[in-house]
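Structure first, then comments.
Computed over heavy atoms, backbone and side chain alike; hydrogens, waters and symmetry mates excluded.
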Amino acid sequence: MFEKYINKENMISNLQNLIKIPSVYEESSNPNIPFGKNTVTALNYILELGNQLGFRKKNIDNYCGYIEFGTGKELIGIVGHLDVVPEGENWTYPPFEGKIVDNKIYGRGSIDDKGPVIASLYAMKAIMDYCNDNCITLNKRVRLILGLNEERDWKCIDYYKKHEEIPSIRF
């Protein structure tokens, strides 16, 4: 039913673009980039993509951000992260390329957690478009929460919890 709402080629291309950003934690004394420049680059990339797809977006002081749709008091949260562990060695394919081989995307973050973030975003888009096409008003808000340092200590989500609404249902 939702296949007509998902542009598979765009989804794959956007995942490849996100994988190309080496969003590994970097020590930073700059409060505007608490987890390093590339984590902020990844956040801005996905927030802009969300905006282009028709969602509301918010960057929360470069600690984290979210993409949201729907209306209503209740908030459903989907938690993901954009940071990756250092690339290490012995890669068959370049870790920050997003190369496709045998219908699989290879690259740092393709499974943990950039791939699931892109999949969640496009699932949200399919639901939003389906609701719009069928004059259905979603009486809940759905928010994709995007952390930037899950691979270290989740300071990003601690920051989120201090500054933003906590979803009543989350996964």
K99: partners by salt bridge (charged side-chain N to carboxylate O under 4.0 Å, His left out), with sequence neighbours left out: none
Considering only heavy atoms from C-beta outward, does the side chain of K161 approach that of I166 to under 4.5 Å? yes
Is there a side-chain contact between M128 and Y5 (heavy atoms, below 4.5 Å)? no
Residues that E97 engages under side-chain hydrogen bond (donor to acceptor under 3.5 Å, both in side chains), provided they are two or more places apart: none
Any donor and acceptor pair, going by atom type alone, linking the side chain of N149 with main-chain N or O of R152 inside 3.5 Å? no
Contact list for residues 16-27, test side chain to side chain donor-acceptor pair (under 3.5 Å), sequence neighbours left out: N17-Y45, S23-K114, Y25-E27
I157 with Y159, same ILVMFWY side-chain cluster at under 4.5 Å: yes
Distance from K57 atom NZ to F55 atom CZ, nearest 0.5 Å? 13.5 Å
Pairwise side-chain contact, I127 with V142, heavy-atom cut-off 4.5 Å (strictly under): no
Listed partners of P167 passing side chain to side chain contact (heavy atoms under 4.5 Å, CB included), at least two apart: L75, I145, Y160, R170
Under a 4.5 Å cut-off applied to non-hydrogen side-chain atoms, are I136 and Y130 in contact? yes
By salt bridge (charged side-chain N to carboxylate O under 4.0 Å, His left out), which residues pair with E87, not counting sequence neighbours? none
Between L49 and I12, is there shared hydrophobic-cluster membership here, with clusters defined by ILVMFWY side-chain heavy atoms closer than 4.5 Å? yes
Of all residues at least two apart in sequence or in a different chain, which pass the side chain to side chain contact (heavy atoms under 4.5 Å, CB included) check with Y106? Y93, V101, K104
Report the distance from atom OG1 of T41 to atom CG of L148, rounding to the nearest 0.5 Å. 10.5 Å
Could you give me the CA-CA distance, side-chain angles and deciding distance for L82 and E150, then say whether side-chain contact (heavy atoms from CB on, under 4.5 Å) is met? CA-CA 8 Å; L82 301 171; E150 182 274 345; over 6 Å; no
What residues, two or more places apart in sequence or in another chain, satisfy salt bridge (charged side-chain N to carboxylate O under 4.0 Å, His left out) together with D133? none
Can you measure from OG (S110) to CD1 (I19) and round to the nearest 0.5 angstrom? 5.0 Å
For a quick test of your reading: what N or O donor-acceptor pairs under 3.5 Å do the side chains of residues 116-126 make, sequence neighbours left out?
unit_1: S120; atom_1: OG; unit_2: P116; atom_2: O; d: 2.9
unit_1: Y122; atom_1: OH; unit_2: N14; atom_2: ND2; d: 2.7
unit_1: K125; atom_1: NZ; unit_2: L53; atom_2: O; d: 2.9
unit_1: K125; atom_1: NZ; unit_2: D129; atom_2: OD1; d: 3.1
unit_1: K125; atom_1: NZ; unit_2: D129; atom_2: OD2; d: 3.3

Under the criterion side-chain contact (heavy atoms from CB on, under 4.5 Å), I'd like the reasoning laid out for M11 against I6: C-alpha separation, chi angles, the key distance, then a yes or no. CA-CA 8 Å; M11 186 175 169; I6 296 177; 3.9 Å; yes
May I ask you to test the F171-V79 pair for a side-chain heavy-atom distance under 4.5 Å? no
Scanning both residues in full, the closest heavy-atom pair of G88 with R108 reads N-NH2, 4.4 Å
Residue pair H163 / D61, side-chain donor-acceptor N/O under 3.5 Å: no
Hydrophobic side-chain clustering at under 4.5 Å (ILVMFWY, transitive links): who's grouped with V24? Put none if nobody. V84, F96
My understanding is that only residues two or more places apart in sequence, or in another chain, count here; which of them pass side chain to side chain contact (heavy atoms under 4.5 Å, CB included) with N30? S28, N32, I33
d(C156 SG, D83 CG) to nearest 0.5 Å is 6.5 Å
Under the side chain to side chain contact (heavy atoms under 4.5 Å, CB included) test, which residues partner N59, sequence neighbours left out? L43, N44, L47, N62
Under the salt bridge (charged side-chain N to carboxylate O under 4.0 Å, His left out) rule, collect the residues that match up with E164, sequence neighbours excluded. K58
Can a salt bridge be assigned to the pair E165 and R141 using a cut-off of 4.0 Å between side-chain N and carboxylate O? yes
Is the shortest heavy-atom distance from the side chain of L146 to the side chain of H81 under 4.5 Å? no
Over all heavy atoms of both residues, which pair between Y63 and K155 is shortest? Give the atoms and the distance, please. CD2-O, 4.4 Å
Can you tell me if CD1 on I111 sees more than 12 non-hydrogen neighbours from other groups inside 6.0 Å? no
